[in-house]
Structures are given as C-alpha cells and as structure tokens.
Protein chains: 2
Amino acid sequence: MEHDFYRILKGLKLKVTPKRIAIMEIMAAEKTYMSPDELRSKLKQRFKNIGLPTVYRNLEELAKEGVIIKIIHPDRKLYYFYCHRKEHHHHFVCVSCRRVEDITFCGMEEIKKEVEDGLKGHMVSHMLQVYGFCKNCLIKQVVSQ
Amino acid sequence: MEHDFYRILKGLKLKVTPKRIAIMEIMAAEKTYMSPDELRSKLKQRFKNIGLPTVYRNLEELAKEGVIIKIIHPDRKLYYFYCHRKEHHHHFVCVSCRRVEDITFCGMEEIKKEVEDGLKGHMVSHMLQVYGFCKNCLIKQVVSQ
DNA sequence: GTTTTAAATAGAAACGATTTTCATTTAGAT
DNA sequence: ATCTAAATGAAAATCGTTTCTATTTAAAAC
C-alpha cells in the first residue's frame with residue numbers, strides 16, 4: 001500500500017515526503033469525505049506542527065491529478081475523498097454519516113444528446129451529486145424510533 | 001410584469017418594496033446567472049446607496065421560495081438566476097457567456113433505483129449541473145478562427 | 001388620513017475558510 | 001557530501017458572506 005502511494009507520487013513528479021504519504025494513507029482508509037481541517041486533526045497525531053496550508057496545497061495537487069476527488073458542498077466548504085476507481089462515475093453521499101458510495105449509471109449520454117441536438121450547444125462537463133441516507137443510517141433511524 | 005412580481009411577493013408574505021421589485025425585474029430580464037455583487041452594480045443605477053447585505057438577504061429569500069435558483073459554482077461563490085419554470089428540471093450553463101438554459105430530461109429515476117435497490121440507501125435529493133458552450137458561443141468560436 | 005408596529009434597510013464591523021508571503025527545511029539529483 | 005528546487009510552517013492577508021444595530025418604511029390598525 002505504501003508502495004502504491006510512492007509510485008503514484010513518482011508518477012505525478014511530486015516529491016515523496018512523509019506528509020504526502022500520510023495524507024494519502026489517511027484519505028484512502030476513510031470512507032467518508034473530509035474537510036481540510038478534519039484531515040489536519042488526524043495528521044497532527046503524527047506531525048504536531050503540520051500547517052493548514054500544507055494540507056490545502058497537497059489536497060489540491062492530488063485532486064488536480066484525480067487521485068482524490070474534490071467536492072463543493074452546499075455549505076460552500078471544500079471536502080475531499082480518496083478515489084479508488086479510475087473510470088467515469090458519480091457519487092452518492094450520505095447526508096447523515098457522509099459515507100461516499102459509487103454510482104455507476106449516469107444518464108449523461110441522453111443529456112448530452114439533448115444539449116447538442118435540442119439546444120444546439122456543446123456539452124463539455126457535468127457535475128452530479130446525489131444525497132440521501134445510506135444503508136447503515138437507515139437502520140439506525142429505524143432502531144432509534 | 002410588475003404585477004406578477006407584486007403577486008409573487010404577496011404570496012410569499014414579503015413586503016413589496018421598490019428594491020425587491022427591482023431585484024426581480026433585473027433577475028428575470030437576465031438570461032445569465034449573476035453574483036450578488038454584479039446584481040448590486042445594476043441596482044446602484046437606481047438606488048445609489050443599496051447595501052450588499054440587502055442584496056444577499058433578498059436573493060436568499062427568493063431562492064428559498066424557488067423564485068430564483070441558487071447555484072454553487074466551482075469557484076465556490078454564489079450565483080443566482082431567475083427561474084421561469086416551476087416544474088422539476090435542470091440547467092445547462094454556458095461556460096463562455098454564462099447563459100442558462102433548461103434541461104428537461106434528467107435520468108434521476110434510474111439513479112434513484114440504483115441507490116435504493118443496489119446500495120439499499122434512500123435518495124433524498126440531487127444536484128446536477130451541466131457545462132458547455134451554448135449555440136451563440138459556438139458560432140462565435142467558429143467565426144473568430 | 002394618522003398612528004402603530006413589525007419588517008426591511010444601510011453601514012460598519014465581524015467572520016471564517018482559504019490563500020499568499022517569506023524565511024527555513026528537506027528530498028533527491030549531481 | 002553538495003547543491004538546488006520543491007515543500008513546509010507561521011503569520012498575515014484576502015475576500016465573499018453574515019451579523020449587528022440604529023434607522024427607515026410598508027402596510028395593518030385605527
């Protein structure tokens with residue numbers, strides 16, 4: 001696992017620093033999205049002086065390369081999560097526990113068709129975010145009633 | 001038209017102030033999304049002391065009621081545009097001129113099915129944003145080459 | 001039409017997430 | 001072991017947005 005991260009950083013021509021490795025480790029192990037500040041709290045256990053700009057810079061670099069995904073939450077803050085899959089897909093975000101799960105289907109072919117045939121425009125990208133309750137949180141809701 | 005706005009505000013139990021009417025007029029006439037600050041610039045032509053908090057408050061109130069749509073742009077700033085249609089639909093945003101056009105189709109039924117049957121979760125909402133070049137901007141691109 | 005009162009507003013100040021600056025440290029090439 | 005460009009921490013700056021408070025105004029009550 002450590003070697004994967006090493007290889008990824010080499011591939012991106014980024015220096016292999018202990019902090020970069022730690023950031024990737026923590027992100028990859030976490031199933032929910034994280035704010036830069038939450039990530040820093042976790043990093044502080046290993047590096048007590050780690051600065052927030054370092055966290056922001058690294059998350060942004062990794063996001064630019066698609067190693068992690070940046071999401072812009074309705075609260076307008078940034079969140080990130082590690083992206084294990086490389087194919088095009090979207091995400092389901094649990095509004096309760098913030099767990100992120102993959103969605104395979106995305107009807108973008110039809111929408112692209114509507115944009116290009118109907119509106120005579122050209123679609124270059126899209127962003128889809130699906131919110132709800134995941135399996136675990138549904139169970140908890142039933143139990144707590 | 002003025003009477004439509006009057007009726008809408010009455011329906012929302014908001015006081016009918018000249019600034020509210022002006023905000024709705026300007027937003028409804030504009031085919032592109034606008035930042036609060038851009039809207040204030042336009043309002044200043046009529047009300048030279050209008051404050052930015054007033055613009056933010058009014059946009060937020062109207063957005064809460066669905067009269068205008070709030071979008072969270074990838075730049076993390078807020079933008080708004082007037083929503084002429086009331087049925088569920090999504091928007092195509094031209095990345096060049098920022099014109100907003102409606103998209104009728106949205107494959108959410110399939111995605112909802114995937115979330116509920118596949119992930120055993122419960123979907124409560126979604127957000128879809130489609131980016132590209134509109135018809136006019138495609139023409140300009142061709143012309144300028 | 002006048003009075004009343006609750007909502008709307010302007011202006012100034014506060015807020016807070018993110019970014020920049022700059023001096024210091026460190027990875028990795030020579 | 002030395003060198004150089006990249007990475008980092010700390011502090012400060014930035015800037016879109018929100019809060020606070022005193023004043024004004026729409027419109028309900030009289």
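Please read all numbers here as calculations on a predicted model, not as lab measurements. Numbered from 1 within each chain, the chains take letters A, B, ... in sequence-line order.
- A close approach under 4.0 Å does occur between a side-chain nitrogen or oxygen of B:Thr17 and OP1 or OP2 of C:dT9.
- Side-chain contact between B:Glu110 and B:Glu114 is absent, with no heavy-atom pair separated by less than 4.5 Å.
- Looking at B:Leu9 and B:Leu62, their side chains come closer than 4.5 Å, going by heavy atoms from C-beta outward.
- If you take CD on B:Glu61 and CD1 on B:Ile23, they are separated by 9.0 Å, rounding to the nearest 0.5 Å.
- Close to D:dG9, at under 4.0 Å from its OP1 or OP2, lies a side-chain N or O of A:Lys19.
- When distances are taken from the side chain of A:Lys77 to each of C:dG28, D:dT19, C:dA17, the shortest belongs to C:dA17.
- Each end of the helix from C:dG1-D:dC30 to C:dT30-D:dA1 gets its own axis, taken as the rotation carrying the C1' atoms of four end pairs onto the next four within a five-pair window, and the two axes meet at 30° to the nearest 10 degrees.
- You'll find the side chain of B:Arg7 reaches within 4.5 Å of the side chain of B:Asp4, heavy atoms only.
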Run the numbers on A:His84 and A:His89 for ring pair (Phe, Tyr, Trp, His ring centres under 6.0 Å), then give the verdict. CA-CA 11 Å; A:His84 293 274; A:His89 65 293; over 10 Å; no
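- If you check every strand for non-hydrogen atoms under 4.0 Å, A:Arg20 touches sugar and phosphate atoms only.
- Inspection of the B:His91 and B:Glu101 side chains reveals no N or O donor paired with an N or O acceptor under 3.5 Å.
- In this structure, B:Tyr56 reaches the D:dT17 phosphate: one of its side-chain N or O atoms is under 4.0 Å from OP1 or OP2.
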